[in-house]
S.K.: 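Here you go, one structure.
Residue indices begin at 1 and follow the sequence shown. When reading the values below, keep in mind they use all heavy atoms of this one structure, side chains included, and skip hydrogens, waters and symmetry mates.
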Amino acid sequence: MKPAVPLYQAKAEFFRMLGHPERIRVLELLQDGPLPVRDLLTKIEIEPSRLSQQLAVLRRSGIVTATREGTTVVYELAGGDVADLMRAARRILTEMLAGQQDLLAELHTADAQVVL
């Protein structure tokens, strides 16, 4: 029997899987609801084969699901938790950048005082 993967390792693999800009963009777009592949292609502006690769990774991981409507394949998030994760990432980045802006302002103030 194969030993269980520690939770921290499973989380690291999950975040590694998410660690691609095109996959993140797909997840951001799908937050607003299901989209057909043609709409994803228009909004992401990458080669169809490349989008197909990224969608396959997301589908295998269980983060997105695909349904066929006639000749159209429509993708959607498998659950609301992924949308929550994308929103949390945005909040964290906003806070980090705000902190960097504060530091930058302090540096500019310090530089101005040195010149005087």
Side-chain angles (χ1 to χ4, degrees):
M1 188 165 139
K2 189 175 173 184
V5 174
L7 181 57
Y8 64 86
Q9 186 175 343
K11 285 180 181 179
E13 290 171 11
F14 172 76
F15 282 110
R16 243 189 320 275
M17 181 274 305
L18 288 178
H20 194 285
E22 291 164 355
R23 287 183 218 141
I24 294 296
R25 184 68 181 127
V26 167
L27 297 175
E28 287 175 339
L29 290 169
L30 294 178
Q31 285 181 92
D32 297 328
L35 286 173
V37 172
R38 69 177 171 275
D39 290 358
L40 288 169
L41 276 170
T42 300
K43 293 176 186 220
I44 299 177
E45 298 178 354
I46 60 174
E47 293 296 317
S49 61
R50 206 164 156 82
L51 178 60
S52 179
Q53 284 177 327
Q54 304 311 327
L55 289 169
V57 170
L58 293 170
R59 198 174 53 248
R60 279 192 306 270
S61 72
I63 290 179
V64 300
T65 60
T67 55
R68 185 171 292 279
E69 298 174 4
T71 59
T72 302
V73 178
V74 177
Y75 280 86
E76 66 182 309
L77 296 178
D81 289 343
V82 176
D84 292 343
L85 178 62
M86 293 294 104
R87 284 189 288 277
R90 180 179 293 270
R91 283 191 306 273
I92 292 166
L93 286 171
T94 299
E95 290 171 11
M96 288 172 54
L97 292 173
Q100 289 175 1
Q101 290 292 3
D102 293 345
L103 179 60
L104 185 59
E106 285 180 39
L107 287 171
H108 285 305
T109 301
D111 286 345
Q113 291 174 352
V114 170
V115 172
L116 298 175

S.K.: When rounded to the nearest 0.5 angstrom, what is the spacing between CD in Glu106 and OG1 in Thr109?
M.R.: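 Atom-to-atom, Glu106:CD and Thr109:OG1 are 7.5 Å apart.
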
S.K.: Determine whether Tyr75 and Met17 fall in the same hydrophobic cluster, where Ile, Leu, Val, Met, Phe, Trp and Tyr are linked whenever their side-chain heavy atoms lie under 4.5 Å apart.
M.R.: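 Yes; Met17 is reachable from Tyr75 via cluster members.
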
S.K.: Roughly how far, to the nearest 0.5 Å, is the CD atom of Glu45 from the CG atom of Leu51?
M.R.: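 Nearest 0.5 Å value for the CG-CD distance: 12.0 Å.
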
S.K.: Check whether any side-chain heavy atom of Val64 lies under 4.5 Å from a side-chain heavy atom of Val82, and answer yes or no.
M.R.: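 A side-chain contact under 4.5 Å is absent here.
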
S.K.: For a 4.5 angstrom cut-off between non-hydrogen side-chain atoms, does Val26 reach Leu58?
M.R.: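 Answer yes - side chains close enough.
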
S.K.: Quick check for you: to the nearest 0.5 Å, what is the distance between Leu77 atom CG and Asp32 atom CG?
M.R.: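 Leu77 CG to Asp32 CG: 9.5 Å, rounded to 0.5 Å.
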
S.K.: Within the supplied structure, the quantity of interest is the number of heavy atoms (other residues, nucleotides, ligands) at a distance under 6.0 Å from Glu47 CD; does it exceed 12?
M.R.: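 No, CD of Glu47 has 12 or fewer neighbouring heavy atoms, counting only those of other groups under 6.0 Å.
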
S.K.: Does a side-chain heavy-atom distance below 4.5 Å link Arg23 with Val57?
M.R.: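 The answer is yes, as the side chains (C-beta and beyond) meet within the 4.5 Å cut-off.
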
S.K.: Are Phe14 and Val5 co-members of a hydrophobic cluster defined by side-chain heavy atoms under 4.5 Å apart?
M.R.: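 Hydrophobic grouping puts Val5 apart from Phe14.
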
S.K.: Rounded at 0.5 Å granularity, tell me how far OG in Ser52 sits from CG in Leu41.
M.R.: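 So the OG of Ser52 and the CG of Leu41 are separated by 9.5 Å.
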
S.K.: Return the minimal non-hydrogen interatomic distance between Ala78 and Gly62, and the atom names on each side.
M.R.: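 Smallest heavy-atom distance, with atoms named: CB-O, 3.1 Å.
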
S.K.: Does Arg90 have more than 12 heavy atoms from other residues, nucleotides or ligands lying within 6.0 Å of its CZ?
M.R.: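 No, because the 6.0 Å sphere around CZ of Arg90 holds 12 heavy atoms or fewer from other groups.
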
S.K.: Determine, step by step, whether Leu85 and Leu27 satisfy the side chain to side chain contact (heavy atoms under 4.5 Å, CB included) criterion, reporting the C-alpha distance in whole Å, the side-chain angles of both residues, the deciding distance to 0.1 Å, and the verdict.
M.R.: CA-CA 10 Å; Leu85 178 62; Leu27 297 175; over 6 Å; no

S.K.: Output yes when Glu22 and Arg25 qualify as a salt bridge under the 4.0 Å nitrogen-oxygen rule, no when they do not.
M.R.: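 Not counted as a salt bridge, because no side-chain N and carboxylate O are separated by less than 4.0 Å.
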
S.K.: Indicate the atoms forming the closest heavy-atom contact of Ala66 with Arg59, along with that distance.
M.R.: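 So the two residues come closest at CB-CD, 4.0 Å.
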
S.K.: Taking atom CG of Leu107 and atom CD of Gln100, what is their separation to the nearest 0.5 Å?
M.R.: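 Leu107 CG to Gln100 CD: 11.5 Å, rounded to 0.5 Å.
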
S.K.: Hey, which of Val74, Leu55, Thr72 is the one that makes side chain to side chain contact (heavy atoms under 4.5 Å, CB included) with Val37?
M.R.: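 Checked Val74, Leu55, Thr72 against Val37; only one passes side chain to side chain contact (heavy atoms under 4.5 Å, CB included): Leu55.
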
S.K.: Would you please test Ile24 and Leu18 for side chain to side chain contact (heavy atoms under 4.5 Å, CB included) and show each step?
M.R.: CA-CA 7 Å; Ile24 294 296; Leu18 288 178; 4.2 Å; yes

S.K.: Group every Ile, Leu, Val, Met, Phe, Trp and Tyr by side-chain heavy-atom contacts under 4.5 Å, then state whether Met86 and Phe15 land in the same group.
M.R.: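 In one cluster with Met86: Phe15, yes.
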
S.K.: Tell me, do Leu30 and Leu40 make a side-chain contact under 4.5 Å, heavy atoms counted?
M.R.: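 Leu30 vs Leu40: side chains touch.
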
S.K.: Which distance, rounded to the nearest 0.5 Å, do you find between the CD of Gln54 and the CD1 of Ile46?
M.R.: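 Between Gln54 CD and Ile46 CD1, I get 6.5 Å after rounding to 0.5 Å.
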
